[in-house]
Amino acid sequence: MKNIPVVLMGCGGVGRQLLQHIVTCRSLHANQGIRLRVVGVCDSKSLVVAPDVFSMELSDNLLLEVCRVKLDSSSSLLTLNGECQVYSNPELTKKIIDIAALLGKSTGLALVDCSASSETIGVLNRVVDIGCCAVLANKKPLTCKMEDYDKLVSHPRFIRHESTVGAGLPVIATINRLLSSGDPVHRIIGSLSGTLGYVMSEVEDGKPFSQVVKSAKSLGYTEPDPRDDLSGMDVARKALILARLLGQRLNLDSIKIESLYPGEMGPGVMSVEEFLGGGVSLLDKDFQERVHKASSKGNVLRYVCVIEGSRCEVGIQELPKDSALGRLKGSDNVLEVYSRCYPEQPLVIQGAGAGNDTTATGVLADILDLQDLFP
């Protein structure tokens, strides 16, 4: 039986779903000769660790208890009871590095980042330097300054980050296969936000923009403040990850980003209640006019990222109604990849590109993809 020690950072929706997947897949993984041995779990304030990370692990019952406790985001892992040791800040980061140092040269370790923090880049770089593996669903370490990014990806065999773009869709792996086979990618265009994909396809059907935004929020498609999605920043981070994968030396502030609301409706000016109660309805007329203008030419509006040469931008574009992006409905993601082998008819990747379950499944697949690096 091959044992893969795991430390999880982040107990939000994706992190909790990952723990549940690990527990429910025990018999499947046993048949494959693999055991994912979770030796530590942390949130932003505390770390729960097995008493002996060499020979013990956190029990499945304790992992499910973590999921139950963290359903309430204000609850602390410090309240957990069981066979474990609990550490709090400022010991947290040091303890993770200590675990990596202990396991790195013997059993190995997979450090999994399912947080939404920009502060994890330091511990990720230290852990990879030690010789351990890192699996990321968190986009922020891959969109930090180039110096830190270069250090993180300097050991590509030890890094997996499929779930940072397109949740569980095989976006990163597909592009890496093309590049490593000598098939240069010269253009990528894609709808990489399930939230904005839903918004644009609903507006296309004639619904007011304000109504669609409120519906998206009630369906759980948006963040508590929908402007976090409407700003385009999440799509910009995904675009930057892809652009850097293609070799572009870009930072986040190099990307042209179109926000779907003006600055005077930003979080620093309007509360969420004010934005949803009146501000967003002032945008209805402009969106209606843009939809009609596109429709008159046989096109539709989609919020997309475009990466071509040194160009990297995200925003609304008019696209042919019969294209893969034009046919997009609901919250699916679609990515069109143009290369030497796919010059006119692109390689198209399409499917559910959002959701905790889908993303956690992608993270789990990434962990298992590293199994050959473990003794």
Verdict with supporting geometry, Asp284 and Ser281, side-chain contact (heavy atoms from CB on, under 4.5 Å): CA-CA 5 Å; Asp284 288 348; Ser281 62; 4.1 Å; yes
Closest contact, heavy atoms only, Ser231 versus Ile257: O-CG2, 3.5 Å
Verdict with reasoning, Glu336 to Tyr338, per side-chain hydrogen bond (donor to acceptor under 3.5 Å, both in side chains): CA-CA 7 Å; Glu336 296 180 352; Tyr338 295 83; 3.1 Å; yes
No-hydrogen, no-angle side-chain donor-acceptor test under 3.5 Å, Asp43 and Ser46: yes
Flag if over 12 foreign heavy atoms under 6.0 Å of NZ, Lys94: no
Gap separating the CG atom of Asn356 from the OG1 atom of Thr361, nearest 0.5 angstrom: 10.5 Å
Side-chain H-bond candidate by donor/acceptor type, Asn138 with His161, under 3.5 Å: no
Glu147 atom CD, neighbour heavy-atom count above 12 within 6.0 Å: no
More than 12 heavy atoms of other groups within 6.0 Å of Arg187 CZ: yes
Identified side chain to side chain donor-acceptor pair (under 3.5 Å) counterpart of Glu318 within the set Arg290, Lys293, Lys297: Lys297
Verdict with reasoning, Glu313 to Arg311, per salt bridge (charged side-chain N to carboxylate O under 4.0 Å, His left out): CA-CA 7 Å; Glu313 59 186 55; Arg311 174 188 176 202; 3.2 Å; yes
Check against salt bridge (charged side-chain N to carboxylate O under 4.0 Å, His left out), Lys207 and Asp205: CA-CA 6 Å; Lys207 297 174 184 174; Asp205 289 340; 5.6 Å; no
Euclidean distance, Thr143 OG1 relative to Leu240 CG, rounded to 0.5 Å: 6.0 Å
Given Phe209, Tyr303, Tyr261, the one that forms ring-ring contact (aromatic ring centres under 6.0 Å, His included) with Phe287: Phe209
Where Lys217 and Pro226 come nearest, the two heavy atoms and their spacing: CD-CG, 3.8 Å
SB check Asp150 Arg244 (cutoff 4.0 Å): no
No-hydrogen, no-angle side-chain donor-acceptor test under 3.5 Å, Ser55 and Asp52: yes
Option passing salt bridge (Lys or Arg N to Asp or Glu O under 4.0 Å) with Glu204 (candidates Arg327, Arg302, Lys321): Arg302
Pairs where residues 165-185 contributes a residue and the test side-chain hydrogen bond (donor to acceptor under 3.5 Å, both in side chains) is met, not counting sequence neighbours: Asp183-Ser339
Nearest heavy atoms of Cys11 and Val41, plus distance in Å: SG-CG1, 3.4 Å
Ion pair Glu57/Arg26, N-O distance below 4.0 Å: yes
Closest non-hydrogen atom pair, Lys214 against Val280: CE-CG1, 4.3 Å
Closest heavy-atom pair and its distance - Cys133, Val127: O-CG1, 4.3 Å
Ionic contact status for Lys140 with Asp113, cut-off 4.0 Å: no
Distance, nearest 0.5 Å, that separates CD of Glu308 from CD of Gln248: 10.0 Å
Residues Arg68 and Glu65 bridged, charged N to O under 4.0 Å: yes
Over 12 non-hydrogen atoms of neighbours within 6.0 angstrom of NZ in Lys285: no
Enclosure of Glu83 CD (heavy-atom neighbours >12, cutoff 6.0 Å): no
